[in-house]
Amino acid sequence: MEDSWNQEGITRKYKNSLTWISGKPDNFGNITGVLEHKSSVDDVRAKGLICILDVEIQGVKNIKETDLDPIYVSIQPPSIEILEKRLRDRNTETEESLQKRLEAARVDMELSNEPGMFDVLIINEDLEEAYEKLQSVLIEEITKVQSTKKERCNSVMSGPRPVVLSGPSGAGKSTLLKKLLKDYKGVFGFSVSHTTRDPRPGEVDGKGLFCLPMLLGATLLPLADVLSSVSSADYHFTNREAMQEDIDTGEFIETNEFSGNLYGTSKCAVQDVRAKGLICILDVDIAGVRHIKETDLDPIYVSIQPPSIEVLEERLRGRATETEEKIQSRLEAARIDMEECNEPGLFDIVIVNDDLDESYEKLQSVLKEEIMRVQEGIKS
């Protein structure tokens with residue numbers, strides 16, 4: 001397989017349907033060792049994802065001796081001359097390394113035409129045309145994955161009821177949540193949000209199911225700051241087109257836009273936590289609560305409120321971390337939150353956090369039944 005084709009195209013568009021498994025590169029830059037870890041491929045397939053193996057021609061021959069039954073695709077350059085130009089344009093290789101690649105490519109190009117070796121041979125002369133051909137050969141499997149995911153996530157959700165935690169910044173949500181996590185280790189889980197922004201160095205797609213994340217888009221930034229001692233989760237990275245399509249079809253519980261990028265939590269992300277027998281905590285603002293009310297999530301709705309706007313202002317100023325403009329913005333949002341939280345039927349309980357210990361006891365009491373369910377599941 002030619003290594004200068006645009007691998008990001010199809011994996012970026014179908015980010016939550018495909019995943020990569022690779023071995024270690026040998027001295028020629030070829031991938032080896034995949035077949036030593038066949039269980040890794042099985043693990044990917046068990047999750048309902050399409051596993052992509054990027055191997056050289058010998059790897060293809062080895063795979064043909066197994067029962068893996070993949071779709072074999074060869075991506076080839078229009079000619080050895082064009083390939084040489086592409087490699088030289090990279091300006092990343094020594095002459096010796098470049099010549100090794102060209103020699104390997106000559107063998108690859110010759111063997112790729114061997115009858116029965118590949119299901120499809122794509123000559124990558126025009127990127128868009130090559131990409132369309134690649135899509136066409138994979139579209140049936142991609143559709144299967146996408147359909148299965150939607151069926152699972154649209155079905156009645158099972159597992160412990162999630163907890164929707166709401167209330168203005170400074171009301172004490174983070175303090176109460178931190179205490180809850182300390183007292184009930186292994187009981188709570190956190191969904192991994194989706195975003196259309198690019199990954200930052202060190203971020204891994206989808207990592208961190210049991211770490212403290214920015215749970216629901218941009219609404220969690222203050223909470224994540226306060227609980228900085230707990231590692232934040234990375235995101236499911238996707239593109240705007242794919243995420244917007246899922247938003248339009250109701251696959252997301254809540255979304256937000258921040259600095260030109262979309263953020264949000266999908267039904268599947270929450271269900272992934274519940275399927276592991278954990279209580280999924282979602283920290284959202286009042287608008288997020290209303291969005292969740294329109295879904296079939298059926299969480300426990302908890303609002304944490306300050307005793308008064310004056311006490312809240314004192315707490316915010318006591319942090320000494322925000323500008324006057326930011327404080328006034330938070331206070332204005334809090335006034336709206338404090339008024340709307342008393343709307344009949346919006347929350348299962350509104351906890352006025354005047355005394356931390358009393359507030360914590362109330363929070364424990366409303367979550368007691370679900371906590372016991374998880375603990376009993378762990379024991380059994």
Side-chain angles (χ1 to χ4, degrees), residues 1-15 17-35 41 50-64 68 70-142 196-205 237-242:
M1 178 180 288
E2 182 209 347
D3 66 358
S4 61
W5 71 290
N6 182 13
Q7 295 177 342
E8 291 188 1
I10 198 161
T11 52
R12 187 165 178 80
K13 182 170 183 179
Y14 301 106
K15 187 67 177 178
S17 300
L18 307 96
T19 195
W20 288 84
I21 290 288
S22 294
K24 296 180 180 180
D26 62 18
N27 293 332
F28 296 93
N30 296 320
I31 301 298
T32 61
V34 173
L35 296 182
V41 179
I50 300 170
C51 183
I52 299 180
L53 305 177
D54 187 354
V55 300
E56 40 82 53
I57 200 75
Q58 185 57 49
V60 172
K61 291 181 177 181
N62 290 338
I63 293 173
K64 284 198 174 271
L68 197 58
I71 300 170
Y72 293 94
V73 182
S74 177
I75 310 293
Q76 296 293 336
S79 67
I80 199 70
E81 292 77 20
I82 289 177
L83 178 60
E84 181 175 359
K85 182 178 184 303
R86 291 176 183 177
L87 292 174
R88 290 190 183 282
D89 287 347
R90 289 179 178 178
N91 198 29
T92 58
E93 313 221 9
T94 65
E95 184 63 28
E96 181 183 6
S97 174
L98 188 143
Q99 291 303 323
K100 285 181 179 180
R101 287 192 180 276
L102 290 174
E103 181 56 34
R106 289 186 183 94
V107 176
D108 195 301
M109 293 170 70
E110 180 180 346
L111 293 178
S112 66
N113 289 298
E114 186 177 311
M117 181 66 74
F118 291 96
D119 296 302
V120 62
L121 176 62
I122 299 174
I123 305 300
N124 186 14
E125 184 169 11
D126 180 274
L127 180 61
E128 293 302 323
E129 289 184 8
Y131 179 62
E132 286 180 10
K133 290 178 182 178
L134 182 59
Q135 276 185 304
S136 67
V137 77
L138 300 182
I139 196 64
E140 184 177 345
E141 295 301 318
I142 290 172
T196 58
R197 75 164 172 78
D198 292 330
R200 293 168 183 152
E203 288 184 321
V204 179
D205 183 77
F237 296 99
T238 183
N239 59 53
R240 181 173 284 268
E241 178 187 3

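Every heavy atom of this structure was used, including side-chain atoms; hydrogens, water molecules and symmetry mates were not.
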Point to revise | Residues S74 and Q76: side-chain donor-acceptor under 3.5 angstrom | key: yes
Review point. If we only count heavy atoms from C-beta on, is the L87 to L102 side-chain gap below 4.5 Å?
Key: yes
Point to revise | Between NZ on residue K85 and OG on residue S79, distance to nearest 0.5 Å | key: 11.0 Å
Point to revise | Nearest-0.5 Å distance, CG of residue L111 to NZ of residue K61 | key: 5.0 Å
Check your understanding: Measuring from I50:CD1 to I71:CD1, what's the distance to the nearest 0.5 Å?
Key -> 7.0 Å
Point to revise | side-chain contact (heavy atoms from CB on, under 4.5 Å) between Y72 and M117, intermediate numbers included | key: CA-CA 8 Å; Y72 293 94; M117 181 66 74; over 6 Å; no
Check your understanding: Taking atom CD of E241 and atom CG of N239, what is their separation to the nearest 0.5 Å?
Key -> 6.0 Å
Check your understanding: Got a salt bridge between E103 and K100, using NZ or NE/NH1/NH2 to carboxylate O under 4.0 Å?
Key -> no
Point to revise | Test side-chain contact (heavy atoms from CB on, under 4.5 Å) applied to I122 and I75, step by step | key: CA-CA 5 Å; I122 299 174; I75 310 293; 3.9 Å; yes
Review point. So, do R86 and N124 sit near enough that their side-chain heavy atoms are less than 4.5 Å apart?
Key: yes
Practice item. Ignoring hydrogens and angles, tell me if any N or O in the side chain of S112 forms a donor-acceptor pair with the backbone of M109 under 3.5 Å. Key: yes
Review point. Any ion pair linking E95 and R88 (charged N to carboxylate O, less than 4.0 Å)?
Key: yes
**Study point:** Within 6.0 Å of CD in Q58, more than 12 heavy atoms from elsewhere
**Key:** yes
Point to revise | Interatomic spacing from CD in E96 to CD in Q99 - rounded to 0.5 Å | key: 10.0 Å
**Study point:** Approximate separation, where rounding is to 0.5 Å, of N62 CG and K64 NZ
**Key:** 12.0 Å
Exercise for review: Write down the atom of K133, the atom of S136, and the distance for their closest heavy-atom approach.
Suggested key: O-OG, 2.7 Å
Exercise for review: Kindly give the heavy-atom pair with the smallest separation between I123 and A130, and that separation in Å.
Suggested key: O-CB, 4.5 Å
Exercise for review: Any chance you could lay out the side-chain contact (heavy atoms from CB on, under 4.5 Å) test for F118 and V60, step after step, and finish with the verdict?
Suggested key: CA-CA 9 Å; F118 291 96; V60 172; 4.0 Å; yes
